[in-house]
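Structure, as structure tokens:
Per chain, numbering begins at 1; letters A, B, ... match sequence-line order.
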Amino acid sequence: MSQQKTPPVVLVDGSSYLFRAYHALPPLTTSKGHPTGAIKGVISMLRRLEQDYPGSRVVVVFDAKGKTFRHDLYDQYKANRPPMPEDLGVQIAPIHEIVRAMGLPLLIIPDVEADDVIGTLATEATSKGVDVVISTGDKDMAQLVSDHVTLINTMTEIPMDRDGVVEKFGIGPEQIVDYLALVGDTVDNIPGVTKCGPKTAVKWLQQYHDLDNLMAHADEIGGKIGDNLRDALDHLPLSRQLATIRTDVDLDFGIEEVSPEPEDEEQLLELFKEYEFKSWIAEYSGDNGSNDRQPSHNPADSSPERQYDTIFTEEQLNDWLGRLEQADLFAFDTETTSLRYSEADIVGMSFAIEPGKAAYLPLAHDYMGAPDQLNRDATLKRLKPLLESTDHRKVGQNLKYDKNVLANHGISLEGIAEDTMLESYVLNSTATRHDMGSLALKYLGEKTISFQDIAGKGAKQLTFNQIDLEQASEYAAEDADITLRLHQALRPQLAATGQLETVYQDIDMPLVPVLSRIEQRGVMINASTLKQHSQELAERMAELEKAAHEEAGEAFNLGSPKQLQAIFYDKMGLPVVKKTPKGAPSTAEPVLQELAHEHQLPRLILEHRSLSKLKSTYTDTLPELISPRTGRVHTSYHQAVTATGRLSSSEPNLQNIPVRTEQGRRIRQAFVAPEGYKLVAADYSQIELRIMAHLSGDKGLLTAFEKGEDIHRATAAEVFGTSVDEITSDQRRSAKAINFGLIYGMSAFGLSRQLEVERKVAQDYIDRYFQRYPGVLAYMDRIRKQAHDDGYVETLAGRRLYLPEINARNKQMQQAAERTAINAPMQGTAADIIKRAMVTVEDWLQSEHADEARMVMQVHDELILEVRESALDTICHGLEKRMSAAADLKVPLLVEAGVGDNWDEAH
DNA sequence: CGCAAATCGTA
DNA sequence: GTACGATTTGCGT
């Protein structure tokens, strides 16, 4: 008989899971409205633990109400904690009831926090030779890890032993307490070292090993952060004490006395019924009522069993095709050789019609020894009618990508009915990233196979055609399956809010094929003028570099802020105007601008920097992005990235092509139209201020726009109390800054810095502005209040932006959220409007002017088209008309279109 | 090779 | 003061 190792004791930090489940999982209630999301999260986690650690004793520990020894040490302990949300509080008692019914020991020790109970029990167990697993979502617990104690985060399935702690934090478990003391904790109100975050804390601890030693050498730390450390010396020992989990609490029982009882199945069934956990009810009301549970692999009780096929034969293909043709809606995903659609080829496709059942159709896996697969081109030909049919409705995750890839194979994907990425984005643009892995975890509670898991990473990463079919099938079929299930989870949530459904249905979904076509078209760029420009920039930069080295008296890298800091502030002793967020003296543009009044070197640096930026970002790079296939540049527009509803653009980012300087405009001159065509650039004039006028209904603002006045001039006249034609250029400039500041949720401080005037003067401008435009002030107050009350703000179309930080304890964070609250409705409404315009314009051009004009770019408030010269008048007129009509506001939406041989001229 | 910070381009 | 993406450096792996 071999010696069997005793199974570990599993100590569960119930309180940490309570909060994690509450925040991580979608809100869920019973039909009567009792919240149950946190209950379900915690209980499924416990059930999972029981399965994962068969034979282990599972002990559940919760915090008790009331004060603990830490409050005695420090009366401000946890003073910043917000009260527990009501819909969380009511879930605690049910959790306790269910845990008891499950027969698990439940420890709630008065005056002792769960952490300390766990620390004490863990220490006791290890001293008796029993290993311990602590299940928690709280990283502070890492201090308890040892050779016999590991942590497991059940929600993310990441276990952490000693090496894991070192890997995650960069320091050992015994250094965690010091780390926590240095970083501090705003929620628990534990003061740390100002501006010392995880990076700095780890760096110090790696160098000085522990807090005592670091404090002894505090005078060795330079910079502002060193001062901060020295300022903190007095309270650091207390912080460390507060962060230390106790392992010596006087409990009046021992670990071996804490033992499980048999499950009370009747009681459990009753509770599951009460809280409407369907799959668990089924389990407990089953025929024999015994304990042999379905192995449930995740916290969602709707997780179906998986049956994934791989399609190798004609028969299988026919079978699936038949069923896809019958389906009301099917999920679909392509696997390709590249993330860049412009160079991606199809490797395989996956499909799902009902949850849990999916198939992968491999077509081009070509690694050594790959099984025979159906012929790609012949099979795509067979799929073509289905994929090109608008009657066969498809759901996918970012179908724009699939549409672009299929286009490379001569297939025009139609019937794009639903997109899970956009569903999630419209539901809550900031709750999560909108990639499939994140969505699966958040909305289904499932961890999916990541591409890295099967393809590796870095330079050695495989492309999908090189991946073993067994793994590829599992991965690809899961994609289609999860997509379908995500859709089933998300679509009802959208439908529950009529306005959000409209935003999804009428704005974001119709835009998908429009963007797809713009991306596929690409834009024409004159590579030779850009290369010529690069040459000239290089020559000028060489001159500047030489001059700078002479000025500094030594050679250095002009591109390195760090080396610049050394030369400016250490060697030349220039005054420090401003510091970076990390406390280093800044060498940012406005600072150099300031120093340039007095010194030659910053002037040289400034010019060198701006040229270097232009060269590396644009003149060198843009020619490299020209597709050899089309001779044009194909950006990617991202529809689910920004918080406000705007698009973003990458590879290349076409939304930050220079315009302000002459050198910059030369880059715009390289964006050209083909022979016989011109570029037309049409932009909305002052769209955000007009939206502000509409939303606020302010009389003065509305009148100014109705009369078609120069709005900055009109504002200047109001604020400075003069007539419109007496306004100086300086006054107009100030008014313009005020108007922009308004859109950004300005403060007097910000405005004063912008205008380089005293703060009091800036405040005076703002006061006078609000006096003259009282409707704007009222609107701002209304928005702030709405943000605080509802936790979100919305655009005119009803697109929401959630602001979780709006009621933060930290005043700075709260104010930042308020500025976002002010800005988002304007920025977001403008985004909604241009999105609608794009759909209308594309439809119009496709149906009436297919050979004469096409959209090639969007830059937030501007559309750029290629237009045949013979059609210029018609198109410009029709374009302005449609863009203006994209929204019906209380003020006219003015659109200004320009024509030119290149983008600069058209602007 | 991967990541964070600093910087700078746009609306 | 809002919203983004790309590049470079510097550092640690």
Side-chain angles (χ1 to χ4, degrees), chain A residues 167 170 197-200 202-203 206 429-430 456-461 556-565 579-592 605-606 609-618 620-622 625 635-638 641-661 663-665 667-668 683-684 686-688 737-755 762 766 793 801 812 815-828 830-831 834 857-862 907:
Chain A
E167 196 183 316
K199 304 282 162 217
T200 311
V202 168
K203 195 175 82 188
Q206 280 167 350
S429 63
T430 54
K457 57 176 178 172
K460 280 178 297 192
Q461 186 169 62
F556 67 101
N557 179 352
L558 276 73
S560 165
K562 205 161 177 185
Q563 294 183 27
L564 268 184
Q565 281 161 17
K579 295 196 172 176
T580 65
K582 279 195 83 183
S586 167
T587 58
E589 202 260 355
V591 175
L592 295 190
I605 303 286
L606 273 174
R609 236 188 219 174
S610 82
L611 299 188
S612 151
K613 190 82 183 180
L614 290 179
K615 183 167 182 292
S616 63
T617 311
Y618 305 106
D620 286 350
T621 319
L622 283 171
L625 290 169
T635 187
S636 289
Y637 286 105
H638 307 283
V641 168
T642 72
T644 53
R646 272 189 178 180
L647 300 178
S648 80
S649 152
S650 70
E651 279 189 306
N653 179 356
L654 291 182
Q655 297 179 319
N656 71 344
I657 304 295
V659 68
R660 294 193 225 277
T661 63
Q663 289 291 328
R665 278 195 295 278
I667 293 165
R668 289 205 168 207
D683 68 306
Y684 285 106
Q686 306 292 352
I687 188 168
E688 293 184 3
I738 293 172
N739 281 329
F740 271 101
L742 223 58
I743 295 171
Y744 297 152
M746 74 175 163
S747 61
F749 177 77
L751 183 65
S752 70
R753 208 151 49 80
Q754 175 73 33
L755 290 177
I766 295 174
V793 292
L801 173 61
Q812 292 242 319
Q815 282 170 348
E818 285 181 0
R819 290 193 293 271
T820 304
I822 303 249
N823 174 258
M826 290 181 268
Q827 195 185 113
I834 197 165
M857 290 190 278
Q858 188 255 39
V859 188
H860 305 311
D861 64 0
E862 174 182 11
H907 210 261

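- In this structure, the CG atom of A/Leu564 is 9 Å from the P atom of B/dT7, given to the nearest Å.
- Between A/Leu622 atom CG and C/dA6 atom P the separation is 11 Å, expressed in whole Å.
- Residue contacts for A/Leu751: at a heavy-atom cut-off of 4.0 Å it reaches a base atom on one of the strands shown.
- The distance from atom CD of A/Gln827 to atom CG of A/Asp861, rounded to the nearest 0.5 Å, is 10.5 Å.
- Within 4.0 Å of A/Gly458, counting heavy atoms only, lie sugar-phosphate atoms of the nucleic acid but no base atom.
- Of the possible donor and acceptor atoms, none in the side chain of A/Thr644 sits under 3.5 Å from a partner among the backbone N and O of A/Gly828.
- Between the side chain of A/Arg665 and the backbone N or O of A/Arg660, at least one donor-acceptor pair lies under 3.5 Å.
- No engagement by A/Phe740 is indicated, since no non-hydrogen atom pair under 4.0 Å with the nucleic acid exists.
- One cannot find a donor-acceptor pair under 3.5 Å joining the base of C/dT8 and the side-chain atoms of A/Lys613.
- The side chain of A/Ser648 contributes an N or O atom lying less than 4.0 Å from OP1 or OP2 of C/dG5.
- Contacts of A/Ala762 with the nucleic acid, taken as non-hydrogen atoms under 4.0 Å apart, are absent.
- The residue A/Ile657 sits close only to the backbone: its heavy atoms come under 4.0 Å of sugar-phosphate atoms, none of a base.
- C/dC4 atom P lies 13 Å from atom CD of A/Glu688, rounded to whole Å.
- A donor-acceptor pair under 3.5 Å is absent between the side-chain atoms of A/Thr642 and the main chain of A/Leu647, judged by distance alone.
- Remark: side-chain polar atoms of A/Gln461 are paired, donor with acceptor, to backbone N or O of A/Gly456 under 3.5 angstrom.
- Between the CD atom of A/Gln655 and the P atom of B/dT10 there is a distance of 13 Å, rounded to whole Å.
- Among the protein residues, A/Gln815 comes within range of no part of the nucleic acid, since none of its heavy atoms lies under 4.0 Å from any strand.
- Heavy atoms of A/Arg660 sit under 4.0 angstrom from at least one base atom.
- Distance CD (A/Gln565) to P (C/dT8): 19 Å, rounded to an integer number of Å.
- Counting only heavy atoms from C-beta on, A/Ala588 has its side chain closest to B/dC8 among B/dC8, B/dG9, C/dC4.
- Checking C/dG1, B/dT7, B/dT10 against every side-chain atom of A/Pro658, the shortest atom distance belongs to B/dT10.
- Of the candidate nucleotides C/dA6, B/dT7, C/dG10, C/dG10 has the atom nearest to the side chain of A/Lys562.
- Ranking C/dA3, B/dA11, C/dT7 by closeness to the A/Gln827 side chain, first place goes to C/dA3.
- Under 4.0 angstrom from either OP1 or OP2 of C/dG10 there lies at least one side-chain N or O belonging to A/Gln563.
- Of the candidate nucleotides C/dG1, B/dA11, C/dA3, B/dA11 has the atom nearest to the side chain of A/Val859.
- Taking every side-chain heavy atom of A/Arg609 into account, B/dC8 is the closest of B/dC8, C/dT7, C/dG5.
- Within the nucleic acid shown, A/Thr621 comes within 4.0 Å of sugar-phosphate atoms alone, with no base atom in reach, counting heavy atoms only.
- One can place CG of A/Asn557 at 15 Å from C1' of C/dC11, the figure rounded to the nearest angstrom.
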Run the side-chain contact (heavy atoms from CB on, under 4.5 Å) test on A/Arg609 and A/Leu592 for me, step by step, so that the C-alpha distance in whole Å, both residues' side-chain angles and the decisive distance to 0.1 Å come before the verdict. CA-CA 11 Å; A/Arg609 236 188 219 174; A/Leu592 295 190; 3.6 Å; yes
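- Residue contacts for A/Glu651: at a heavy-atom cut-off of 4.0 Å it reaches the sugar-phosphate backbone alone, with no base atom in range.
- Counting only heavy atoms from C-beta on, A/Pro561 has its side chain closest to B/dA6 among B/dA6, C/dG1, C/dG5.
- Among C/dG1, C/dA3, C/dA6, the nucleotide with an atom closest to any side-chain atom of A/Thr617 is C/dA6.
- To the nearest angstrom, P of C/dT2 lies 12 Å from CZ of A/Phe749.
- For A/Ser560, the side-chain atoms get nearest to C/dT9 when compared with the rest of C/dA6, C/dT9, C/dC4.
- In this structure, A/Asn653 places its CG atom 13 Å from P of B/dG9, rounding to the nearest Å.
- Across all strands, A/Thr820 comes closer than 4.0 Å only to sugar-phosphate atoms, never to a base (heavy-atom distances).
- Contacts of A/Arg819 with the nucleic acid, taken as non-hydrogen atoms under 4.0 Å apart, involve only primed sugar atoms and P, OP1 or OP2.
- Rounding to the nearest 0.5 Å gives a distance of 5.0 Å between OG of A/Ser649 and CD of A/Gln655.
- For a distance-only test at 3.5 Å, the side chain of A/Asn656 qualifies as a donor-acceptor partner of the base of B/dG9.
- In this structure, A/Ala831 reaches neither bases nor backbone, as no heavy-atom distance under 4.0 Å exists between it and the strands shown.
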